[in-house]
S.K.: 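Quick one: the structure is below, questions incoming.
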Amino acid sequence: MSEIESGDLKGIASTTIKKLRRVGLVTLESIAFTPPREITKLTGMGSKTAIKVNRLARKKIDPGFTPADQILEQRNSLKRCRTGASVLNNILGGGVETGVITELIGEFGSGKTQICYTLSVLAPLPEEKRGLDGKVCVIDTEGTFLPERIKQIAENRNLDSNNALENVLIARAYNSSHQLNIIQKLPKIIRKNKAKMVIVDCMISHFRSEFIGRGSLADRQQKISSTLGNLLRIAGAFNVAVVLTNQVQAQPSVMFGDPNRPTGGHVMAHSCNHRIYLRKGRKNTRLVQVIDSPYLPEEKVRIAITKAGVTDSDGSFPI
Ligand code: ADP
Ligand code: MG
C-alpha cells in the first residue's frame, strides 16, 4: 500500500488530498474502501467531490485477482508485538499484529486492562526486542489506565520506567461521541508521534450505558460501526496495531456451556480480525483462548497477572 500524493487522483485539487490525508485517508485503498458519505462526514468536503475521489481511487487500485505469493509478501510486512506471556504470543502467531484489530474479551477482572498495560510497555521497544518501535496511544473510557502500573511493569521487567512512561500517550474519553472524536484525531497524533499501537479500553462501555433499550439498538450499532470503521482504516493506513477491549454479557437463553457472549453484536464480531477470550483461573492465573479466527488455533493457554504485567503462568517472561 502506498501513500497518495497530489496528482495521483486526476482532476482532484491538492487541498482535497490534504483534507483526506488529515483524517487518515492516506492510501488509495483507504479512500476506495470508505463510502463517499463517510468521506464527506470525516473531511467536510462536498458529497460530489467525495463520490469522485472514491470512484477514482477504486479505478486506480484495480481490485482484480492477486497471486497468493504476492499477498503473502504483503502480509510479511506486518509486524507483531509480543504480549508479555510467551504462551499467548505462541497462540497469536508471535504476538499482536499490526494493520488489524485485536479484541480482548472478558468479564470484569479477567485481565483485559492488564494485557493493555503490558502491551503499552512492550510495544515501544525496538523490533529486535519484538516490540514495534513506536509510541502507544491509549483511549481510556473507564479512567482505569494509571501511569503507576506502567512504571511498575517496566521496573519489574528491568526496563527504563521513565522511557516507558514517555512512550504511552493517554486520552480519557468521557462519552461515546468524545471517544469517536478522539479516534478521528488519531491520524494526526499517530503521524506526529510515530505511534505504532492504539489501545481502546473499553471500546463498548460508553455505548452500552448511553443507548439503553431495544428502541435505541439500531442507533447504537450504527455508531459502534462507524467508530470501528475509523479504527480499521487507521490500522490499515498507518500499519498500527489496534487493540480493543470488550465486555461480556450473560445470555439468559443459553442452557449449556458458557452463557457469556461478547457485547457489540455482529458489528463488533465482523470488524475485529482477532478475538481473544479471557477467563479467570486459579489464583492469579487467567485462561486465554483465540475465538473465531480464520487461521489461529483455538487452543486454551494459561497466563498469570503479576507485578511484571501479564506473564507465563509461573510468573516468568521469556522473550
Ligand atoms: P479487566 O478485565 O476488568 O480490565 P484487569 O485487567 O483490571 O481486569 O485485571 C484485574 C486483575 O489484575 C485483578 O485480579 C488484580 O488482582 C490484578 N492486578 C492488578 N494490578 C496488579 C498488580 N500490580 N500486580 C498483580 N496483579 C494485579
Ligand atoms: Mg479494565
Side-chain angles (χ1 to χ4, degrees), residues 81-85 87-89 92 95-96 101-123 136-159 161 164-165 168 170-176 179 182 197-209 231 241-250 258-264 268 272 274-291 300-317:
C81 177
R82 68 184 157 111
T83 62
V87 282
L88 180 53
N89 297 340
L92 292 177
V96 172
I101 296 183
T102 301
E103 179 190 8
L104 305 170
I105 306 159
E107 61 176 326
F108 179 76
S110 59
K112 304 180 293 291
T113 300
Q114 299 305 317
I115 294 183
C116 294
Y117 274 125
T118 316
L119 284 170
S120 72
V121 171
L122 297 178
V136 179
C137 299
V138 179
I139 299 172
D140 177 13
T141 69
E142 296 173 330
T144 52
F145 211 88
L146 305 174
E148 291 86 337
R149 183 65 170 135
I150 298 173
K151 189 164 179 267
Q152 184 187 44
I153 293 173
E155 281 168 356
N156 281 278
R157 285 176 178 266
N158 297 319
L159 298 167
S161 59
L165 288 163
V168 187
I170 305 171
R172 177 82 203 274
Y174 292 97
N175 55 51
S176 66
Q179 185 176 335
I182 296 172
M197 180 178 282
V198 170
I199 293 173
V200 186
D201 183 23
C202 159
M203 170 65 204
I204 299 281
S205 51
H206 284 318
F207 294 95
R208 275 183 82 188
S209 59
L231 286 167
V242 175
V243 178
L244 311 180
T245 68
N246 186 9
Q247 299 148 331
V248 291
Q249 194 171 21
D258 189 346
N260 290 326
R261 291 277 177 280
T263 63
M268 197 68 182
C272 296
H274 300 303
R275 315 192 89 189
I276 302 171
Y277 196 12
L278 297 151
R279 263 167 281 218
K280 288 182 186 164
R282 271 180 275 116
K283 293 185 185 157
N284 67 338
T285 67
R286 300 292 186 271
L287 291 165
V288 192
Q289 185 179 18
V290 175
I291 56 170
K300 235 181 254 171
V301 295
R302 193 182 292 274
I303 62 170
I305 305 174
T306 71
K307 286 200 173 94
V310 293
T311 63
D312 285 347
S313 60
D314 61 359
S316 66
F317 43 90

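FYI, the numbering just counts along the sequence from 1. Predicted model only: the values in this text are computed from it and were never measured. We count ligands from 1, going down the list as the structure has it; atoms in each ligand are counted the same way.
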S.K.: Ignoring hydrogens and angles, tell me if any N or O in the side chain of Ser316 forms a donor-acceptor pair with the backbone of Asp312 under 3.5 Å.
M.R.: no

S.K.: What protein N/O/S atoms lie closer than 2.8 Å to the Mg ion (ligand 2)?
M.R.: Thr113 OG1

S.K.: Using modelled atom types and a 3.5 Å cut-off, is there a donor and acceptor pairing between side-chain atoms of Arg157 and backbone atoms of Gly84?
M.R.: yes

S.K.: Sub-3.5 Å donor-acceptor pair from the side chain of Thr141 to the main-chain atoms of Cys202, do we have one?
M.R.: yes

S.K.: Under a 3.5 Å distance rule, please check whether Thr102 uses its side chain to pair with a backbone N or O of Val243 as donor and acceptor.
M.R.: no

S.K.: Under the salt bridge (Lys or Arg N to Asp or Glu O under 4.0 Å) test, which residues partner Lys151, sequence neighbours left out?
M.R.: Glu155

S.K.: Any donor and acceptor pair, going by atom type alone, linking the side chain of Arg286 with main-chain N or O of Leu278 inside 3.5 Å?
M.R.: no

S.K.: Listing request: all salt bridge (Lys or Arg N to Asp or Glu O under 4.0 Å) pairs with a residue in residues 102-119, at least two apart in sequence or in separate chains.
M.R.: Glu103-Arg275

S.K.: Indicate yes or no for a side-chain donor-acceptor contact from His206 to the backbone of Ala173 under 3.5 Å, with no hydrogens or angles considered.
M.R.: yes

S.K.: Tabulating one pair per line, provide the atom names and distances (0.1 Å) for every N/O atom of ligand 1 that is less than 3.5 Å from a protein N/O atom.
M.R.:
from	atom 1	to	atom 2	distance (Å)
ligand 1	2 (O)	Ser110	N	3.2
ligand 1	2 (O)	Ser110	OG	3.3
ligand 1	2 (O)	Gly111	N	3.0
ligand 1	2 (O)	Lys112	N	3.0
ligand 1	2 (O)	Lys112	NZ	2.8
ligand 1	3 (O)	Gly109	N	2.7
ligand 1	4 (O)	Thr113	N	3.0
ligand 1	4 (O)	Thr113	OG1	2.8
ligand 1	6 (O)	Lys112	N	3.3
ligand 1	6 (O)	Thr113	N	3.0
ligand 1	6 (O)	Gln114	N	2.9
ligand 1	8 (O)	Gly109	N	3.4
ligand 1	8 (O)	Gly111	N	3.3
ligand 1	14 (O)	Arg286	NH2	2.9
ligand 1	23 (N)	Arg149	NH1	3.1
ligand 1	23 (N)	Gln152	OE1	2.8

S.K.: Give a yes or no answer on whether the side chain of Asn260 reaches the backbone of Val248 with a donor-acceptor pair at less than 3.5 Å.
M.R.: no

